[in-house]
Amino acid sequence: MEQLNELELLMEKSFGEEAAAPEELFQKKKEASFPKTILSHGMDNRYLVLAVNTVQNKEGNYEKHLIITASQSLDYKEQCILRSDSSNPATRQMLIGTVLHEVFQKAISSKSFTPEKLQELSCQIVQEIKHLKEMYRLNLNPDEVKQEVEEYLPSFSKWAGDFMHQGTSTDFPQMQLSLPSDGSSNNPTRNIEVINSLDIEESIWSPRFGLKGKIDVTVGVKIHQGSKTKYKIMPLELKTGKESNSIEHRSQVVLYTLLSQERRADPDAGLLLYLKTGQMYPVPANHLDKRELLKLRNQMAFFLLHRISKSPGKEKTQLTFLPQITEEEKTCKYCSQVGNCALYSRAVEQQMDENSVPVVMLSKIQEETCHLKLTHLEYFSLWYLMLTLESQSKDNRKNHQNIWLKPASEMEESGNCIGNLIRTEHVKRVCGGQYLHHFQRKNGSMPVTNLMAGDRIILSGEERTLFALSRGYVKEINMTTVTCLLDRNLSVLAESTLFRIDQEEKNCDIDTPLGNLSKLMENTNASKKLRDLIIDFREPQFIPYLSSVLPRDAKDTVANILKGLNKPQRQAMKKVLLSKDYTLIVGMPGTGKTTTICTLVRILYACGFSVLLTSFTHSAVDNILLKLAKFQIGFLRLGQTQKVHPDIQKFTEEEICRSKSIKCLALLKELYNCQLIVATTCMGISHPIFSHRTFDFCIVDEASQISQPVCLGPLFFAQRFVLVGDHQQLPPLVLNPEASALGMSESLFKRLEKNQNAVVQLTVQYRMNSKIMSLSNKLTYDGKLECGSDKVANAVINLPHFKDVKLELEFYADYSDNPWLIGVFEPNNPVCFLNTEKVPAPEQVEKGGVSNITEAKLIVFLTSVFIKAGCNPSDIGIIAPYRQQLKIINDLLEHSSVKMVEVNTVDKYQGRDKRIILVSFVRSNKDGTLGELLKDWRRLNVAITRAKHKLILLGCVSSLKRYPPLEKLFCYLNTEKLIIDLPSREHESLCNILGDFQRG
DNA sequence: GCTCTGCCTAGAGGA
């Protein structure tokens, strides 16, 4: 039964039929196995396999069903299901290994290895939520895990008794250890004494060797040789598996000695401790070994660095070949990456002949990939290439080298670093692996900085040797102190240590989308269905009659909920309920997407369906949940509590565990299984809940803004899915131009829209009045948008003091012959474009971005007038495509003491609205320079669909009409006579008025 | 040419 260890083991009582084994053979086996076997609980238990059946399960995966018995009389049998779970490489041994590491680390830190202490520690650690979560994932019984952990404990005590007792040098175990620094000395026998633990999980990055890692235990060791004693600080590596003292294990220790040199003197050697037996081996770090390991490291790095190449002559970028596939079948047999390796080889390298791949491996590749069509392989390689390109794009590769190379004082100028910090107050342990630290500037106050609460950071010492001590995030920052949650406790360092904090680079997560892509290619029913639908565009199917899906007792409730909806919304609900595969809901601007999703969830809930609710961002997920919470519908919100909306935090796993003080697996299971509705972001799908639960429906909001491999993630866990979005609004963000050209910004929503029978459009909108709505109807929606009611259609802005303001303005200047001001502020003119051509208002291009100071001044003037006329500042929104312009506008507003007016980019305003929107288009030049941003008609569509009652557009018509989308807009505005020219030098007179305004 | 959001992510063991 040895080989069962690598498989997920599931025991179920069963008295099912079994295939009979030949009687003779069976008798022999029975006699051979039973007499010697101890039939008890625990690790050494033995069973006899009576029959084996291979069965395909619901998900299409193959399982082995064994009938086994533990009794000689054969009257008590059990069924044992063996599942090879390739998508989930975590195993029981890994979990037990992790727990044992923690127990040992806690014991050595507290310098106590008494059986009582060890017992207490294992009890505590096994009960920690993070481990219970893994037990849930792996279907393990906590008692069994605890029992298995406890079997190691006597060896812990034995080890401590051998190496850590009080005594003379010769009392310690003798070991063969020749330290490289001793030269070729004669006698390699030493007595080894472990004094203490100096650090646990010490995290070291070594730019010098190009390595990083965490050292299990950093120990102080005395090496006795005769009367001589040497003191060394060494890495101690713990192993819980078989005592192999293998080349792999020893090499790992050698690498740790290299890391260790970044912080202190060369340890010359490290220690390898097998916790099963308490046996410890010294590992000398010989020069030649180090050199060979670094050579291997460099070969690996080479392949990782050159994942793509441009073929000579051609402009086309391609994925490069991976290192040659090994010829050893055995190595492949136990590799967790065989599937991916075969897939890459077949799809990317297209290696299908004996010249490029070892013959024995060809069949392996064939076996792993034969279920895939050419279209699937092409989809895989294209997305693999695009994801790789994107992950290598400039913004994602801001490397860590500055933290290492540049002093903090220099880095502070960028605003991403704070140096010269000392620790104040005590370090507070918040929970396992999170420590609250307070820092203060050693002399003086904090520098000007971009760092904000919630930012991920890297903490280093000012000294180079203390590079990247810990990672974490900023909890709070003010003029005098920074509070950080760090993954390590820094109180082990001297109090006078000077620290620096650097903002962590954004490393784009390529693992999740790649993992999803790989999963899409798996030979399971769920993946096959998604491949059919997504790659091969199989037509989505629908059930003809609602009666077959609606439970009778839910009909009234559903009918009631439907009452509150408009016609297209009801159609959407119906379509979803009838769907067997998927539905796409197009939510045009202002059509109540969030309300529609909320209603959809309520209906599905009433029917007893389970729903997985997701979106790319936390805020989009919470928007729906905030509405849902009002209807007394229960749900579980997964994800980090600190990222969740404060009103939703009480629904997070962490909060529920805390408030109900959940400390056992049974309660955790109940928590995971009790809600029909589970909500999380698309990236949150590695949660253990998804290794057991599937859902009737998966709803993805903002789907038109999510890239395909990310959007795919949650879809694996549901029978059918609903994508909600609008591809006429902004697409997924892609940084790399080549990836973008290859089609990376096409969302799954856009791709599947080809199947029109799956699409429902929400066309009735409740945001814009009819004049504002007409713009995007002409520009993008072909007149499909309609107002929800006359009230919506005719709504205008209310400016109670406008008459007074008008009088005041006329006091300064005569506007009778150029009444543009009235044109702008008149509530019955909901749309106008102010042309700055004659002013003029030229743009400024700097390295930080594009801006337009004249436009900014005009915008601020208009805003001030709206407020003076009685408009609530929080009803006004200012939009510009460029960050630099926002900065200038914000500065001017602050100068004019205008508060509560929200200034943001077009991209950030997607999904939001305001009563009044002012748009500054910024671009204005004579040389014809065009930026990329305004070329995208979807960005323009978003910009002009945010205002409810009044939309003021500001820019230079002659420059802007070079952009096709804007040209189309001007064409319409012209026919409606909505473009107003500003007179020459108008901004100067207005600025004077503004000054008087504020004084008055 | 200037738009930016998700991820706790190194190592826990197998042979």
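Predicted model only: the values in this text are computed from it and were never measured. Convention: sequence-line order gives letters A, B, ...; per-chain numbering from 1.
A/E237 comes within contact range of the sugar-phosphate backbone alone, with a heavy-atom separation under 4.0 Å but no base atom that close. Within 4.0 Å of A/D936, counting heavy atoms only, lies no atom of the nucleic acid at all. Contact annotation for A/S244: no contact, since no heavy-atom pair falls under 4.0 Å across all strands. The residue A/Y882 sits close only to the backbone: its heavy atoms come under 4.0 Å of sugar-phosphate atoms, none of a base.
A close approach under 4.0 Å does occur between a side-chain nitrogen or oxygen of A/Y256 and OP1 or OP2 of B/dG11. At the phosphate of B/dT5, neither OP1 nor OP2 sits under 4.0 Å from any side-chain N or O atom of A/T617. Contact check, A/R923 against B/dC2: a side-chain N or O comes under 4.0 Å of OP1 or OP2. Contact between the side-chain N/O atoms of A/K212 and the OP1/OP2 oxygens of B/dG11 is not found at any separation under 4.0 Å. The side chain of A/T681 contributes an N or O atom lying less than 4.0 Å from OP1 or OP2 of B/dC7. The phosphate of B/dG14 has neither OP1 nor OP2 within less than 4.0 Å of any side-chain N or O from A/R92. The side chain of A/H131 contributes no N or O atom lying less than 4.0 Å from OP1 or OP2 of B/dA12. At B/dC4, one or more side-chain N or O atoms of A/R883 fall inside 4.0 Å of OP1 or OP2 (strictly under the cut-off). Contact check, A/T905 against B/dC4: a side-chain N or O comes under 4.0 Å of OP1 or OP2.
Computed from coordinates, the A/L934 CG to B/dT3 P distance equals 11 Å when rounded to whole Å. Between A/E243 atom CD and B/dG13 atom P there is a gap of 14 Å when expressed in whole angstrom units. As a whole-Å value, the separation of A/L259 CG from B/dG11 C1' is 13 Å. Nucleotide B/dA10 holds its P atom 12 Å from the CD atom of A/E201, rounded to whole Å. Counting to the nearest Å, the C1' atom of B/dG14 and the NZ atom of A/K276 are 11 Å from each other.
For A/Y274 and A/H249, the ring centers sit closer than 6.0 Å to each other.
The pair A/R488-A/E202 does not count as a salt bridge, with every side-chain nitrogen at least 4.0 angstrom from each carboxylate oxygen. Under the 4.0 Å criterion applied to side-chain N and carboxylate O atoms, A/E655 and A/R637 are not assigned as salt-bridge partners. Taking 4.0 Å as the cut-off between side-chain N and carboxylate O, A/E102 and A/K130 count as a salt-bridged pair.
At most 12 non-hydrogen atoms from other residues, nucleotides or ligands lie less than 6.0 angstrom from CD1 of A/I247.
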